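A short write-up of the structure that comes next.
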Amino acid sequence: MKSLQKTAISAAAVALLAGLASASAFAADTPADPEAAGNPIAANVTVVSDYRYRGISQTNFKPAIQGGFDYAHESGFYIGNWNSSISWISDAAPATANTRVTAPIEMDFYGGIKKEFIGEGFASDFGVLQYYYPTSGLNVSGTQANPNTTELYAAQNFTFGAVTGFVKFSYSVSPIFGFANSTGSYYPDLTVNYDTGVWGLALNAHVGYQYVAGNVQGSTTGASNSSLYSYTDWKLGVTKDFGGGLSLSAAYIGTDAGKTGSVYNYTSPTGKNLGGSTGIVALTKTF
């Protein structure tokens, strides 16, 4: 996703920001809860106009197809897998005379435990998430970086009548999405939903802060890259529940990701800001 002057993926190059085990870029950034529907297994498929993860486009402003499944045991243990088409790795590593880097899909594998330790409607959630990108043509032993990333997360869900949501903290125990020396990066976020009780409409709001640890590759000063690649993202949206597991989401998403000189820190192959504000729509079916 991130391309530094459209060069190959380098140790300071690519910061993915792609969806967790949610059915779309608008759903809560936590695994689904099949037990809540009385079925230990749940599946989902989504078509979205632009795959945004933590506010950054993963598909160069193009649509994506997404889907996954979750298994939840009555003990609170759950596992799952979620997948999405992407283009950011190939975009950041254009073809050369000798090779072409390809990575058309993101695969997320996660597991954890979710229990109402505090009380009904206040589930605590602890787990681990592995982002995996099947790639070809990527020379991770040379100047290119491995985008695979492992995060631990802890979340506290809450319910106050028609208002639901969660606060969450994600912490990387590996370099994050191709950034050099970025182990220890983290992402705190807050999501709030309000069920209007009218026509199956729910209002959605989200804010998060992506901190990228480590140093800029090639920096002679060793300056932290957090001022360059760290940013705040936000979302305001609405979801329409049609029943039968079918829903339509619309949201306005943006970030304060900036520039280095005249180049956006999260830039597309054509120089556009991958974190720029935009409207997104998604159609999701759960089973």
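In this text the structure is predicted, and so the values were computed from the model without any measurement.
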- Validation row: Phe169, Leu152 side chains within 4.5 angstrom (heavy atoms): no
- So, Tyr187 and Asp233: side-chain donor and acceptor under 3.5 Å apart, yes or no? yes
- Report the C-alpha distance between Leu274 and Tyr264 in whole Å, list the side-chain angles of each, state the deciding distance to 0.1 Å, and finish with yes or no for side-chain contact (heavy atoms from CB on, under 4.5 Å). CA-CA 8 Å; Leu274 291 171; Tyr264 289 108; over 6 Å; no
- Message: Would you say the ring centers of Phe287 and Phe69 fall short of 6.0 Å from each other?
- Response: no
- Task: Indicate yes or no: at least one non-hydrogen side-chain atom of Gln210 is less than 4.5 angstrom from one of Ile176.
- Result: yes
- Once you round to the nearest 0.5 Å, how far does OG1 of Thr267 lie from CG of Asn273? 7.5 Å
- Item | Side-chain heavy-atom pair Lys114, Asn157 within 4.5 angstrom cut-off | yes
- Under 3.5 Å: donor-acceptor pair, side chain of Ser268, backbone of Asn60: no
- Does Tyr266 reach the side chain of Tyr229, with side-chain heavy atoms less than 4.5 Å apart? yes
- Task: Verify whether one side chain among Ser172 and Glu151 offers a donor that lies under 3.5 Å from an acceptor in the other.
- Result: no
- Query: From Lys235 NZ over to Arg54 CZ, what is the distance, rounded to the nearest 0.5 angstrom?
  - Reply: 14.0 Å
- Minimum-distance pair of heavy atoms, taken over all atoms of Gly121 and Glu116: N-OE2, 3.0 Å
- Message: Quick check: is Phe160 connected to Leu190 through a chain of hydrophobic side chains (ILVMFWY, heavy atoms under 4.5 Å apart)?
- Response: yes
- Query: Is there a donor-acceptor contact under 3.5 Å from the side chain of Arg52 to the main chain of Ile280?
  - Reply: no
- Message: Are Val198 and Val163 connected into the same hydrophobic cluster when the rule is that any two of I, L, V, M, F, W, Y join if their side-chain heavy atoms are below 4.5 Å apart?
- Response: yes
- Message: Given 3.5 Å as the limit, does a donor-acceptor pair link the side chain of Thr255 with the main chain of Gly55, or not?
- Response: no
- Nearest heavy atoms of Tyr231 and Tyr209, plus distance in Å: O-CD1, 3.3 Å
- Under 3.5 Å side-chain donor-acceptor pair for Thr260 and Asn265: yes
- Query: What are the two closest heavy atoms between Thr59 and Ala64, and how far apart are they?
  - Reply: CG2-CB, 3.9 Å
- Message: Please check: side-chain N/O of Thr149 versus main-chain N/O of Pro147, any donor-acceptor pairing under 3.5 Å?
- Response: yes
- Query: Which heavy atom of Gly127 sits nearest a heavy atom of Tyr78, and at what distance?
  - Reply: CA-OH, 4.4 Å
- Message: For the OG atom of Ser87 and the NZ atom of Lys62, what is their distance to the nearest 0.5 Å?
- Response: 6.5 Å
- Given Leu203 and Thr196, is the side-chain contact (heavy atoms from CB on, under 4.5 Å) satisfied, shown in steps? CA-CA 7 Å; Leu203 304 181; Thr196 67; 3.9 Å; yes
- Any idea how Tyr252 and Trp234 line up, ring-wise: parallel (<30°), tilted (30 to 60°), or perpendicular (>60°)? tilted
- Query: Which one of Tyr171, Tyr153, Tyr211 satisfies the ring pair (Phe, Tyr, Trp, His ring centres under 6.0 Å) criterion with Tyr186?
  - Reply: Tyr211
- Out of curiosity, does Ile105 fall in the hydrophobic cluster containing Ile86 (side-chain heavy atoms, cut-off under 4.5 Å, transitive links)? no
- Between atom CD of Gln66 and atom OG of Ser85, what is the distance when rounded to the nearest 0.5 Å? 7.0 Å
- Item | Single-linkage hydrophobic cluster, 4.5 Å side-chain cutoff, Leu283 and Val238 together | no
- Task: For Tyr194 and Ala205, indicate whether the former's side chain and the latter's backbone hold a donor-acceptor pair under 3.5 Å.
- Result: no
- Measure from the side-chain N and O atoms of Ser182 to the backbone N and O of Ser185, and report whether any donor-acceptor pair falls under 3.5 Å. no
- Go through the steps for Tyr132 and Glu106 under the test side-chain contact (heavy atoms from CB on, under 4.5 Å), then give the verdict. CA-CA 6 Å; Tyr132 174 67; Glu106 169 194 341; over 6 Å; no
- Message: With a sphere of 6.0 Å drawn around NZ of Lys240, does it hold more than 12 non-hydrogen atoms of other residues, nucleotides or ligands?
- Response: yes
- Thr159 (side chain) donor-acceptor with Thr164 (main chain) under 3.5 angstrom: no
- Scan side-chain atoms only and decide if Asn81 and Asn83 contain a donor-acceptor pair under the 3.5 Å cut-off. yes
- Can you see which heavy atom on Gly279 is nearest to which on Ser49, and at what distance? O-OG, 4.5 Å
- Note on the structure: OG1 of Thr135 to CG of Asn148, rounded to nearest 0.5 Å, is 7.0 Å
- Message: Working note: Thr232 + Val207, criterion side-chain contact (heavy atoms from CB on, under 4.5 Å); need CA distance, chi angles, decisive distance, verdict.
- Response: CA-CA 7 Å; Thr232 299; Val207 63; 4.0 Å; yes
- Query: Okay, side chain of Thr46, backbone of Val48: is any donor-acceptor separation there less than 3.5 Å?
  - Reply: no
- Is the backbone of Tyr131 close enough, under 3.5 Å, to the side chain of Asp108 for a donor and an acceptor to pair up by distance? no
- Query: What closest approach, in Å, do Thr183 and Val173 show between heavy atoms, and which atom pair accounts for it?
  - Reply: CG2-C, 3.8 Å
- Message: Please report the interatomic distance CZ(Phe122) to CD(Gln156), rounded to the nearest 0.5 Å.
- Response: 8.0 Å
- Task: Step by step, work out the side-chain hydrogen bond (donor to acceptor under 3.5 Å, both in side chains) result for Thr239 and Asn204.
- Result: CA-CA 7 Å; Thr239 301; Asn204 321 118; 2.9 Å; yes
- Residue pair Asp50 / Ser57, side-chain donor-acceptor N/O under 3.5 Å: yes
- Common cluster, Ile79/Ile41, ILVMFWY with side-chain heavy-atom separation under 4.5 Å: yes
- Message: I'd like to check Pro134 versus Met107 (side-chain heavy atoms, cut-off strictly below 4.5 Å). Are they in contact?
- Response: yes
